[in-house]
Amino acid sequence: AKSLSSRDDSSLNRIWELCGFKSRIDFENNFKRIHGVSFKEYLKTYKKLFTGIFQQFLSFIEKEHRHISNIRSTSW
């Protein structure tokens with residue numbers, strides 16, 4: 001979600017409240033225990049991963065579009 005980007009400090013500073021934790025420290029400790037990294041580091045990693053996958057998907061769509069356009073232009 002856009003509101004949870006690593007650049008949106010207001011949302012990041014309140015995420016522990018939104019998740020029902022009594023304090024930010026409790027949230028961070030729990031998150032690190034489960035995921036092995038801080039919430040901010042997790043977002044950075046997820047953003048890099050998602051960006052890479054999204055770029056591959058766009059490349060695939062562009063290739064398919066060119067392929068379909070070629071088929072249409074030769075079959076008519």
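Residues take their numbers from the sequence shown, with the count starting at 1.
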Worksheet item: What is the minimum heavy-atom distance between Ile15 and Phe27, and which atoms define it?
Response: CG2-CE2, 3.6 Å

Worksheet entry | Heavy-atom closest contact (Phe21 atom, Asn30 atom, distance) | CZ-ND2, 3.3 Å

Item to complete: Classify the ring geometry between His35 and Phe31 as parallel (under 30°), tilted (30 to 60°) or perpendicular (over 60°).
Response: tilted

Worksheet item: Considering residues, nucleotides and ligands other than Ile34, do more than 12 of their heavy atoms fall under 6.0 Å from its CD1?
Response: yes

Item to complete: Could you go through the side chain to side chain contact (heavy atoms under 4.5 Å, CB included) check for Glu28 and Trp16 one step at a time?
Response: CA-CA 8 Å; Glu28 278 295 335; Trp16 60 271; over 6 Å; no

Worksheet item: How long is the span from the CD atom in Glu17 to the NZ atom in Lys22, to the nearest 0.5 Å?
Response: 14.0 Å

Worksheet item: Can you tell me how far CG of Asp26 sits from SG of Cys19, rounded to the nearest 0.5 angstrom?
Response: 12.5 Å

Worksheet item: Could you go step by step and tell me if Lys47 and Lys44 meet the side chain to side chain contact (heavy atoms under 4.5 Å, CB included) rule?
Response: CA-CA 5 Å; Lys47 181 180 177 183; Lys44 288 178 189 175; 5.8 Å; no

